[in-house]
Protein chains: 2
Amino acid sequence: MGKSKTLLFTPAQNELADLAKAMAHPARIAILQYLSNRKSCVNGTLVAELGLAQSTISQHLLELKELGLIRGSIEGATVNYCLNTERWQAVQSLFEGFFDQISATDHLNFCCD
Amino acid sequence: MGKSKTLLFTPAQNELADLAKAMAHPARIAILQYLSNRKSCVNGTLVAELGLAQSTISQHLLELKELGLIRGSIEGATVNYCLNTERWQAVQSLFEGFFDQISATDHLNFCCD
DNA sequence: ATAATCAATCGCAATATTACGATGAATTTA
DNA sequence: TAAATTCATCGTAATATTGCGATTGATTAT
(Lines give C-alpha, C1' and ligand atoms only; values in the text may rest on other atoms or scores of the structure.)
Protein backbone atom coordinates (compact mmCIF):
# COMPACT_ATOMS: atom_id res chain seq x y z
CA MET A 1 0.00 0.00 0.00
CA GLY A 2 2.90 2.33 -0.28
CA LYS A 3 2.70 4.08 3.03
CA SER A 4 -0.17 3.01 5.15
CA LYS A 5 -2.68 5.63 6.15
CA THR A 6 -5.17 3.49 7.99
CA LEU A 7 -5.18 5.87 10.92
CA LEU A 8 -6.90 8.48 8.81
CA PHE A 9 -10.00 6.36 8.47
CA THR A 10 -12.62 4.89 10.73
CA PRO A 11 -12.39 1.27 11.89
CA ALA A 12 -15.52 0.54 9.90
CA GLN A 13 -13.98 1.91 6.74
CA ASN A 14 -10.81 -0.05 7.28
CA GLU A 15 -12.69 -3.24 7.99
CA LEU A 16 -14.82 -2.94 4.89
CA ALA A 17 -11.73 -2.23 2.80
CA ASP A 18 -9.96 -5.26 4.26
CA LEU A 19 -12.88 -7.51 3.45
CA ALA A 20 -13.10 -6.10 -0.05
CA LYS A 21 -9.41 -6.78 -0.43
CA ALA A 22 -9.99 -10.41 0.42
CA MET A 23 -12.35 -10.61 -2.54
CA ALA A 24 -10.15 -8.50 -4.78
CA HIS A 25 -8.53 -11.39 -6.57
CA PRO A 26 -10.22 -13.78 -8.98
CA ALA A 27 -8.39 -16.76 -7.51
CA ARG A 28 -9.89 -16.06 -4.11
CA ILE A 29 -13.31 -15.58 -5.65
CA ALA A 30 -12.89 -18.91 -7.37
CA ILE A 31 -11.75 -20.58 -4.17
CA LEU A 32 -14.76 -19.26 -2.27
CA GLN A 33 -17.15 -20.36 -4.98
CA TYR A 34 -15.56 -23.76 -5.10
CA LEU A 35 -15.87 -24.12 -1.34
CA SER A 36 -19.52 -23.18 -1.53
CA ASN A 37 -20.18 -26.00 -3.97
CA ARG A 38 -18.45 -28.76 -2.05
CA LYS A 39 -18.76 -29.90 1.48
CA SER A 40 -15.09 -29.32 1.97
CA CYS A 41 -11.97 -29.42 -0.02
CA VAL A 42 -8.25 -29.68 0.21
CA ASN A 43 -5.49 -27.60 -1.21
CA GLY A 44 -4.58 -30.25 -3.74
CA THR A 45 -8.03 -30.29 -5.25
CA LEU A 46 -7.78 -26.59 -5.82
CA VAL A 47 -4.42 -26.92 -7.49
CA ALA A 48 -6.05 -29.20 -10.03
CA GLU A 49 -9.06 -26.92 -10.36
CA LEU A 50 -7.32 -23.57 -10.71
CA GLY A 51 -4.16 -23.27 -12.72
CA LEU A 52 -1.97 -21.98 -9.95
CA ALA A 53 0.93 -23.45 -8.04
CA GLN A 54 0.33 -25.20 -4.75
CA SER A 55 2.22 -22.60 -2.77
CA THR A 56 0.28 -19.80 -4.37
CA ILE A 57 -3.04 -21.33 -3.45
CA SER A 58 -1.82 -22.00 0.04
CA GLN A 59 -1.08 -18.30 0.31
CA HIS A 60 -4.54 -17.31 -0.87
CA LEU A 61 -6.08 -19.73 1.59
CA LEU A 62 -4.06 -18.22 4.39
CA GLU A 63 -5.30 -14.78 3.49
CA LEU A 64 -8.91 -15.89 3.59
CA LYS A 65 -8.28 -17.73 6.82
CA GLU A 66 -6.72 -14.76 8.56
CA LEU A 67 -9.86 -12.76 7.93
CA GLY A 68 -11.96 -15.60 9.30
CA LEU A 69 -13.70 -16.18 5.99
CA ILE A 70 -12.73 -19.83 5.84
CA ARG A 71 -11.66 -22.41 8.34
CA GLY A 72 -9.39 -25.38 7.99
CA SER A 73 -9.06 -28.58 9.90
CA ILE A 74 -6.34 -31.14 9.62
CA GLU A 75 -7.66 -34.49 8.50
CA GLY A 76 -4.73 -36.83 8.54
CA ALA A 77 -2.30 -35.86 5.85
CA THR A 78 -4.77 -33.53 4.19
CA VAL A 79 -6.47 -30.33 5.28
CA ASN A 80 -10.15 -29.63 4.87
CA TYR A 81 -11.10 -26.07 4.20
CA CYS A 82 -14.62 -24.79 4.40
CA LEU A 83 -16.52 -21.55 4.55
CA ASN A 84 -17.13 -19.89 7.89
CA THR A 85 -20.82 -19.29 7.35
CA GLU A 86 -21.41 -17.24 10.48
CA ARG A 87 -18.63 -14.94 9.46
CA TRP A 88 -20.05 -14.62 5.98
CA GLN A 89 -23.39 -13.54 7.32
CA ALA A 90 -21.67 -10.72 9.15
CA VAL A 91 -19.69 -9.82 6.07
CA GLN A 92 -22.78 -9.82 3.93
CA SER A 93 -24.63 -7.45 6.24
CA LEU A 94 -21.63 -5.16 6.39
CA PHE A 95 -21.64 -4.87 2.63
CA GLU A 96 -25.40 -4.55 2.53
CA GLY A 97 -25.14 -1.65 4.93
CA PHE A 98 -22.60 -0.03 2.68
CA PHE A 99 -24.64 -0.59 -0.46
CA ASP A 100 -27.73 0.75 1.25
CA GLN A 101 -25.85 3.86 2.22
CA ILE A 102 -24.63 4.28 -1.33
CA SER A 103 -28.02 3.82 -2.90
CA ALA A 104 -29.75 5.98 -0.30
CA THR A 105 -28.73 9.06 -2.18
CA ASP A 106 -32.00 10.93 -2.05
CA HIS A 107 -30.92 13.31 -4.74
CA LEU A 108 -30.78 12.96 -8.46
CA ASN A 109 -27.40 13.08 -10.09
CA PHE A 110 -28.19 16.26 -11.87
CA CYS A 111 -24.61 17.38 -11.55
CA CYS A 112 -22.96 14.91 -13.88
CA ASP A 113 -24.81 14.88 -17.14
CA MET B 1 -0.32 -8.48 -9.12
CA GLY B 2 2.99 -10.14 -9.77
CA LYS B 3 2.20 -11.90 -12.99
CA SER B 4 -1.34 -11.59 -14.05
CA LYS B 5 -3.36 -14.74 -14.39
CA THR B 6 -6.72 -13.29 -15.30
CA LEU B 7 -7.04 -15.73 -18.19
CA LEU B 8 -7.41 -18.58 -15.76
CA PHE B 9 -10.67 -17.24 -14.43
CA THR B 10 -14.12 -16.51 -15.75
CA PRO B 11 -15.10 -12.99 -16.80
CA ALA B 12 -17.57 -12.93 -13.93
CA GLN B 13 -14.87 -13.81 -11.42
CA ASN B 14 -12.56 -11.16 -12.81
CA GLU B 15 -15.26 -8.54 -12.81
CA LEU B 16 -16.24 -9.21 -9.22
CA ALA B 17 -12.60 -9.10 -8.19
CA ASP B 18 -12.10 -5.80 -9.99
CA LEU B 19 -15.10 -4.27 -8.28
CA ALA B 20 -13.92 -5.55 -4.92
CA LYS B 21 -10.54 -4.01 -5.62
CA ALA B 22 -12.20 -0.66 -6.14
CA MET B 23 -13.55 -0.92 -2.60
CA ALA B 24 -10.34 -2.37 -1.21
CA HIS B 25 -8.99 0.89 0.14
CA PRO B 26 -10.40 2.91 3.02
CA ALA B 27 -9.85 6.18 1.18
CA ARG B 28 -12.08 5.03 -1.64
CA ILE B 29 -14.68 3.80 0.82
CA ALA B 30 -14.57 7.21 2.46
CA ILE B 31 -14.86 8.96 -0.88
CA LEU B 32 -17.90 6.91 -1.83
CA GLN B 33 -19.56 7.50 1.50
CA TYR B 34 -18.86 11.19 1.26
CA LEU B 35 -20.36 11.33 -2.21
CA SER B 36 -23.45 9.55 -0.98
CA ASN B 37 -23.98 12.22 1.64
CA ARG B 38 -23.63 15.23 -0.60
CA LYS B 39 -25.23 16.13 -3.84
CA SER B 40 -21.85 16.41 -5.43
CA CYS B 41 -18.38 17.34 -4.47
CA VAL B 42 -15.08 18.47 -5.79
CA ASN B 43 -11.61 17.16 -5.35
CA GLY B 44 -10.64 20.05 -3.10
CA THR B 45 -13.41 19.33 -0.64
CA LEU B 46 -12.12 15.80 -0.29
CA VAL B 47 -8.60 17.01 0.33
CA ALA B 48 -9.90 18.92 3.33
CA GLU B 49 -12.04 16.00 4.44
CA LEU B 50 -9.52 13.17 4.16
CA GLY B 51 -5.93 13.72 5.11
CA LEU B 52 -4.43 12.91 1.76
CA ALA B 53 -2.69 14.96 -0.87
CA GLN B 54 -4.62 16.36 -3.79
CA SER B 55 -2.82 14.21 -6.30
CA THR B 56 -3.49 11.08 -4.29
CA ILE B 57 -7.20 11.75 -4.14
CA SER B 58 -7.28 12.54 -7.81
CA GLN B 59 -5.79 9.13 -8.41
CA HIS B 60 -8.41 7.38 -6.28
CA LEU B 61 -11.14 9.27 -8.08
CA LEU B 62 -9.75 8.16 -11.42
CA GLU B 63 -9.80 4.56 -10.30
CA LEU B 64 -13.43 4.80 -9.29
CA LYS B 65 -14.25 6.60 -12.49
CA GLU B 66 -12.63 4.01 -14.72
CA LEU B 67 -14.88 1.36 -13.25
CA GLY B 68 -17.90 3.56 -13.83
CA LEU B 69 -18.66 3.85 -10.14
CA ILE B 70 -18.58 7.62 -10.16
CA ARG B 71 -18.95 10.28 -12.78
CA GLY B 72 -17.44 13.71 -13.03
CA SER B 73 -18.52 16.80 -14.84
CA ILE B 74 -16.53 19.94 -15.30
CA GLU B 75 -18.21 22.90 -13.69
CA GLY B 76 -16.06 25.88 -14.53
CA ALA B 77 -12.76 25.59 -12.75
CA THR B 78 -13.97 22.80 -10.49
CA VAL B 79 -15.12 19.27 -11.16
CA ASN B 80 -18.23 17.75 -9.67
CA TYR B 81 -18.06 14.10 -8.88
CA CYS B 82 -21.08 12.03 -8.05
CA LEU B 83 -22.09 8.42 -7.74
CA ASN B 84 -23.28 6.56 -10.79
CA THR B 85 -26.40 5.13 -9.21
CA GLU B 86 -27.38 2.88 -12.09
CA ARG B 87 -23.96 1.34 -12.03
CA TRP B 88 -24.15 0.82 -8.29
CA GLN B 89 -27.39 -1.05 -8.61
CA ALA B 90 -25.69 -3.45 -10.98
CA VAL B 91 -22.71 -3.74 -8.65
CA GLN B 92 -24.94 -4.39 -5.70
CA SER B 93 -26.78 -7.20 -7.42
CA LEU B 94 -23.50 -8.72 -8.55
CA PHE B 95 -22.33 -8.88 -4.96
CA GLU B 96 -25.69 -10.06 -3.75
CA GLY B 97 -25.50 -12.91 -6.22
CA PHE B 98 -22.10 -13.80 -4.91
CA PHE B 99 -23.17 -13.63 -1.28
CA ASP B 100 -26.22 -15.72 -2.05
CA GLN B 101 -24.04 -18.33 -3.66
CA ILE B 102 -21.75 -18.32 -0.65
CA SER B 103 -24.54 -18.62 1.88
CA ALA B 104 -26.40 -21.21 -0.16
CA THR B 105 -24.17 -23.91 1.19
CA ASP B 106 -26.81 -26.50 1.95
CA HIS B 107 -24.45 -28.48 4.10
CA LEU B 108 -23.26 -27.95 7.62
CA ASN B 109 -19.62 -27.21 8.12
CA PHE B 110 -19.06 -30.43 9.95
CA CYS B 111 -15.59 -30.69 8.54
CA CYS B 112 -13.92 -27.82 10.35
CA ASP B 113 -14.70 -28.11 14.02
C1' DA C 1 -3.17 41.16 -18.30
C1' DT C 2 -1.76 39.04 -14.02
C1' DA C 3 -2.40 36.40 -10.21
C1' DA C 4 -4.78 32.88 -7.90
C1' DT C 5 -7.31 28.58 -7.78
C1' DC C 6 -8.53 23.93 -9.24
C1' DA C 7 -7.73 19.42 -10.56
C1' DA C 8 -5.21 16.18 -13.81
C1' DT C 9 -0.90 14.27 -14.77
C1' DC C 10 4.09 13.10 -14.43
C1' DG C 11 7.93 11.23 -12.05
C1' DC C 12 9.57 9.03 -8.32
C1' DA C 13 10.01 6.38 -3.87
C1' DA C 14 8.14 3.18 -0.55
C1' DT C 15 5.53 -0.67 0.22
C1' DA C 16 2.24 -4.54 -0.93
C1' DT C 17 0.75 -8.24 -3.73
C1' DT C 18 1.17 -12.14 -6.60
C1' DA C 19 3.51 -16.08 -8.07
C1' DC C 20 6.75 -19.75 -8.19
C1' DG C 21 10.21 -23.23 -6.89
C1' DA C 22 12.47 -25.30 -3.16
C1' DT C 23 12.44 -26.93 1.30
C1' DG C 24 10.45 -28.94 5.44
C1' DA C 25 7.40 -31.34 8.69
C1' DA C 26 3.87 -34.50 9.05
C1' DT C 27 1.31 -38.41 7.57
C1' DT C 28 0.37 -42.26 4.74
C1' DT C 29 1.50 -45.99 1.73
C1' DA C 30 4.44 -49.63 0.05
C1' DT D 1 12.01 -48.54 7.29
C1' DA D 2 11.72 -46.17 2.91
C1' DA D 3 9.25 -43.75 -0.49
C1' DA D 4 5.44 -40.97 -1.56
C1' DT D 5 1.88 -37.62 -0.54
C1' DT D 6 0.09 -33.38 1.45
C1' DC D 7 0.32 -28.78 2.61
C1' DA D 8 2.81 -24.82 5.01
C1' DT D 9 6.58 -21.86 4.78
C1' DC D 10 10.76 -19.54 3.03
C1' DG D 11 13.18 -16.98 -0.31
C1' DT D 12 12.98 -14.41 -4.28
C1' DA D 13 11.48 -12.05 -8.52
C1' DA D 14 8.05 -9.52 -11.05
C1' DT D 15 4.49 -6.38 -10.88
C1' DA D 16 0.92 -3.36 -8.67
C1' DT D 17 -0.50 -0.03 -5.43
C1' DT D 18 -0.16 3.96 -2.67
C1' DG D 19 1.43 8.44 -1.86
C1' DC D 20 3.59 12.82 -2.52
C1' DG D 21 5.64 16.93 -4.66
C1' DA D 22 6.07 19.40 -8.80
C1' DT D 23 4.25 20.72 -13.01
C1' DT D 24 0.70 21.81 -16.33
C1' DG D 25 -3.52 23.50 -18.47
C1' DA D 26 -7.70 25.52 -17.60
C1' DT D 27 -10.72 28.70 -15.35
C1' DT D 28 -11.73 32.47 -12.36
C1' DA D 29 -10.76 36.62 -9.81
C1' DT D 30 -8.27 40.98 -9.25
Side-chain angles (χ1 to χ4, degrees), chain A residues 1-9 13-14 17-31 35 40-67 70-82 111-112, chain B residues 1-9 13-14 17-31 35 40-67 70-82 111-112:
Chain A
M1 204 197 273
K3 291 154 208 161
S4 201
K5 294 271 182 175
T6 52
L7 292 176
L8 291 177
F9 308 101
Q13 288 168 336
N14 284 317
D18 282 343
L19 289 170
K21 201 181 294 183
M23 295 187 267
H25 194 288
R28 291 195 289 273
I29 296 285
I31 288 173
L35 285 179
S40 63
C41 85
V42 292
N43 191 329
T45 318
L46 284 165
V47 174
E49 195 73 15
L50 318 174
L52 296 171
Q54 181 265 323
S55 58
T56 304
I57 289 174
S58 203
Q59 218 172 309
H60 284 304
L61 288 169
L62 179 64
E63 234 170 302
L64 294 171
K65 202 173 166 188
E66 280 177 339
L67 275 168
I70 64 174
R71 290 184 296 178
S73 70
I74 298 171
E75 190 92 22
T78 71
V79 178
N80 286 324
Y81 279 105
C82 62
C111 57
C112 308
Chain B
M1 205 196 273
K3 291 155 206 160
S4 199
K5 293 272 182 174
T6 52
L7 292 176
L8 291 177
F9 307 101
Q13 287 168 336
N14 285 317
D18 283 343
L19 289 169
K21 200 180 296 181
M23 294 187 267
H25 194 288
R28 290 194 291 273
I29 297 285
I31 288 172
L35 285 179
S40 65
C41 85
V42 292
N43 191 329
T45 317
L46 285 165
V47 174
E49 194 74 14
L50 319 174
L52 296 171
Q54 181 263 324
S55 58
T56 304
I57 289 175
S58 203
Q59 217 173 311
H60 283 304
L61 288 169
L62 178 65
E63 234 170 303
L64 294 170
K65 201 172 166 188
E66 281 177 339
L67 274 169
I70 63 175
R71 290 184 296 178
S73 70
I74 299 171
E75 190 92 21
T78 71
V79 178
N80 286 324
Y81 278 106
C82 63
C111 57
C112 307

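Please read all numbers here as calculations on a predicted model, not as lab measurements. What's counted below: heavy atoms across the whole structure, side chains too, no hydrogens, waters or symmetry copies. Chain naming here is simple, since letters A, B, ... match the order of the sequence lines and numbering starts at 1 in each.
Counting all heavy atoms, side chain and backbone alike, B:Gly72 lies closest to B:Tyr81 at CA-CD2, 3.7 Å. Scanning both residues, B:Cys41 and B:Leu35, for their nearest heavy atoms gives SG-CD2, 3.2 Å.
In this structure, CD of B:Glu63 is placed 13 Å from P of C:dT9, rounded to the nearest angstrom. Atom C1' of nucleotide C:dA8 and atom CG of B:Leu46 are separated by 15 Å, given to the nearest angstrom. For the pair B:His60 NE2 and C:dA7 P, the computed distance is 16 Å after rounding to whole Å. If you measure from atom CD1 of B:Ile57 to atom P of C:dA7, you get 10 Å, rounded to the nearest angstrom. The nearest whole Å value for the distance from the CG atom in A:Leu64 to the C1' atom in C:dT17 is 14 Å. Regarding B:Leu61, its CG atom lies at a distance of 14 Å from the C1' atom of D:dG19, rounded to whole Å. As a whole-Å value, the separation of A:Gln59 CD from C:dC20 P is 10 Å. The CG atom of B:Asp18 sits 12 Å away from the P atom of C:dT18 (whole-angstrom rounding).
Using a 4.0 Å cut-off, some side-chain N or O of A:Lys21 falls inside it from OP1 or OP2 of C:dT17. In terms of phosphate contacts, B:Tyr81 brings no side-chain nitrogen or oxygen within less than 4.0 Å of OP1 or OP2 of C:dC6. Proximity of A:His25 to the phosphate of C:dA19: a side-chain N or O atom is located under 4.0 Å from OP1 or OP2. Residue B:Ser58 places no side-chain N or O under 4.0 Å from the OP1 or OP2 atom of C:dA7.
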Under 3.5 Å, N/O pairs linking protein and nucleotides 22-30 of chain D:
{"residue": "D:dT27", "atom": "O3'", "partner": "B:Ala77", "partner atom": "N", "Å": "3.1"}

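Comparing C:dA19, C:dA8, D:dA8 by their closest approach to the side chain of A:Val79 singles out D:dA8. Distance from the side chain of A:Asn43 is smallest to D:dA8 among C:dC20, D:dC20, D:dA8.
Between A:Pro26 and B:Leu8 the shortest side-chain heavy-atom distance does not fall below 4.5 Å.
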Verify side chain to side chain contact (heavy atoms under 4.5 Å, CB included) between B:Ile31 and B:Leu46, making sure each step is shown before the conclusion.
CA-CA 7 Å; B:Ile31 288 172; B:Leu46 285 165; 4.2 Å; yes
Side-chain donor-acceptor pairs under 3.5 Å in residues 49-67 of chain A, sequence neighbours left out?
{"residue": "A:His60", "atom": "ND1", "partner": "A:Arg28", "partner atom": "NH1", "Å": "3.0"}
{"residue": "A:Glu63", "atom": "OE1", "partner": "A:Arg28", "partner atom": "NH1", "Å": "3.3"}
{"residue": "A:Glu63", "atom": "OE2", "partner": "A:Arg28", "partner atom": "NH1", "Å": "3.3"}

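Taking CG of A:Asp18 as the start and CE of A:Met23 as the end, the distance is 11.0 Å to the nearest 0.5 Å.
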